[in-house]
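Order of the sequence lines sets the chain letters (A, B, ...), proteins ahead of strands, with each chain counted from 1. Please read all numbers here as calculations on a predicted model, not as lab measurements.
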There are 2 protein chains.
Amino acid sequence: MTFSKDQSAGYLANHMARIFAQGLTARIKPLGLTTGTFPALLELWETDGLTQKQLTERLDIEQATMANTLARMERDGLIVRKKDANDGRAQRIWLTDSARNLRDPAIAAAQEENAMRLAGLTEDEKRQFIALIQKVIKTKPPGTARR
Amino acid sequence: MTFSKDQSAGYLANHMARIFAQGLTARIKPLGLTTGTFPALLELWETDGLTQKQLTERLDIEQATMANTLARMERDGLIVRKKDANDGRAQRIWLTDSARNLRDPAIAAAQEENAMRLAGLTEDEKRQFIALIQKVIKTKPPGTARR
DNA sequence: ACCACTTGCATAGCCCGCTATACAACTGAT
DNA sequence: ATCAGTTGTATAGCGGGCTATGCAAGTGGT
């Protein structure tokens with residue numbers, strides 16, 4: 001029974017993700033941002049005023065994780081949470097001006113990081129790479145529909 | 001300036017890594033293992049009695065992270081730490097019997113998880129996928145050698 | 001109108017990763 | 001032999017992910 005971590009998709013995925021995360025962390029630190037806020041910001045830059053529920057659905061993040069992330073974002077002045085008018089449970093998330101102003105530099109930082117990390121691949125390989133990851137993410141384990 | 005998270009290598013890498021991690025977590029939970037211990041165990045199953053330093057070098061993990069992981073492993077009865085005979089600073093890490101016995105089921109769990117998540121890929125795609133991730137991991141950002 | 005159920009969010013507690021810092025043990029140059 | 005520098009670990013403190021749990025606000029069936 002042989003097993004090499006450097007042939008294991010799971011191990012490699014984790015390793016690669018840590019590398020990307022460290023790179024992006026360094027690039028957006030000057031902006032006062034951290035990686036965990038990035039996905040939420042991307043959605044909110046697109047459509048402001050989403051509820052927490054909508055954010056978790058769009059990002060495949062657990063509700064509790066999102067609640068914590070939003071709490072940090074509020075603490076850091078990136079968002080404000082306002083009760084929804086029609087549903088007293090829901091909180092709508094609104095970007096502050098400073099968060100809106102961070103959009104362009106933050107996205108530029110992410111694009112630079114991606115470009116640098118993929119610099120060793122040909123254009124064709126880059127496309128394949130993205131497509132393969134998307135395919136893996138979409139692959140649902142059997143039995144998910146049960147119960 | 002458009003930016004789609006579903007076309008961003010960094011975002012996809014993170015997402016995929018979380019999926020793998022959740023799957024493996026569930027599979028090895030019955031064994032009393034967690035994902036963070038896995039890389040260390042793989043090295044120790046191969047060569048027992050490594051120092052902490054050697055482990056961090058082999059795994060591209062920060063020293064502090066490894067120290068914490070080893071502390072948990074010791075707490076959970078997977079390893080014992082013994083002072084090196086020749087160097088009073090170094091701690092050699094030795095597997096317990098129970099950790100040795102977990103090797104086969106743990107590796108089987110990882111292989112099953114990998115196989116399931118890659119089930120949507122052809123054999124050729126799997127090879128490409130692994131090779132591309134390895135290539136991205138190996139790509140060093142420019143300027144690393146400076147200073 | 002009530003009550004059971006569902007839904008949206010917050011909190012507690014843990015694992016795992018990081019940076020920054022401290023400190024004891026070794027090493028080398030003098 | 002000493003002392004400055006290096007090296008191996010540990011610790012503090014944080015971000016970010018997860019599960020489990022609790023609770024207030026909505027909803028539907030009677």
ask   = With no hydrogens and no angle check, is any side-chain donor or acceptor of B/Thr51 less than 3.5 Å from a backbone partner on B/Gln91?
value = no
request  = To the nearest Å, give me how far apart CE (A/Met66) and P (C/dC9) are.
outcome  = 11 Å
query = Between A/Leu118 and B/Ile130, is there a shared hydrophobic cluster once you connect ILVMFWY residues whose side-chain heavy atoms come closer than 4.5 Å?
reply = yes
message = Give the residues of residues 29-52 of chain B touching DNA chain C, defined as any heavy atom closer than 4.0 Å, sorted by residue number.
response = B/Thr34, B/Thr35, B/Gly36
inquiry  = Would the distance check show the side chain of A/Gln52 and the main-chain N or O of A/Met66 forming a donor-acceptor pair, the cut-off being under 3.5 Å?
reply    = no
Side-chain donor-acceptor contacts of residues 103-112 of chain A below 3.5 Å, not counting sequence neighbours, with atom names and distances?
from, atom 1, to, atom 2, distance (Å)
A/Arg103, NH2, B/Met1, O, 2.6
A/Gln111, NE2, B/Thr2, O, 3.2

ask   = Does any non-hydrogen side-chain atom of A/Leu102 lie less than 4.5 Å from one of A/Leu78?
value = yes
Strand-adjacent residues in residues 55-64 of chain A, judged by heavy atoms under 4.0 Å from DNA chain C = A/Gln63, A/Ala64
inquiry  = For A/Arg100 versus A/Trp45, what's the shortest heavy-atom pair and its separation?
reply    = CA-NE1, 4.0 Å
ask   = Which of residues 71-105 of chain A sit near DNA chain C, with a heavy atom under 4.0 Å from it?
value = A/Arg81, A/Arg89, A/Ala90, A/Gln91
message = Under a 3.5 Å distance rule, please check whether A/Thr96 uses its side chain to pair with a backbone N or O of A/Gly77 as donor and acceptor.
response = yes
query = Quick one: do the B/Asn14 and B/Arg18 side chains pair a donor with an acceptor below 3.5 Å?
reply = yes
ask   = With side chains defined as the heavy atoms from C-beta onward, is the minimum distance between B/Gln54 and B/Arg92 less than 4.5 Å?
value = yes
request  = Kindly work out whether a path of hydrophobic side-chain contacts (I/L/V/M/F/W/Y, heavy atoms less than 4.5 Å apart) joins A/Val80 to A/Met73.
outcome  = no
ask   = Is the backbone of B/Leu95 close enough, under 3.5 Å, to the side chain of B/Asp48 for a donor and an acceptor to pair up by distance?
value = yes
request  = Please figure out whether A/Asn14 or A/Ala67 has its closest DNA chain C nucleotide nearer the 5' end.
outcome  = A/Ala67
inquiry  = Could you check whether any side-chain heavy atom of B/Gln128 comes within less than 4.5 Å of a side-chain heavy atom of A/Glu125, counting everything from C-beta outward?
reply    = no
inquiry  = What is the first contacted nucleotide of DNA chain D and what is the last, in 5' to 3' order, if contact means an atom lying under 4.0 angstrom from a heavy atom of chain B?
reply    = D/dT7 to D/dC18
Which side-chain N or O atoms in residues 34-44 of chain A pair as donor and acceptor under 3.5 Å with protein atoms at least two apart or in another chain?
from, atom 1, to, atom 2, distance (Å)
A/Thr37, OG1, A/Thr34, O, 2.8
A/Glu43, OE1, A/Arg58, NE, 3.4
A/Glu43, OE2, B/Lys5, NZ, 3.4

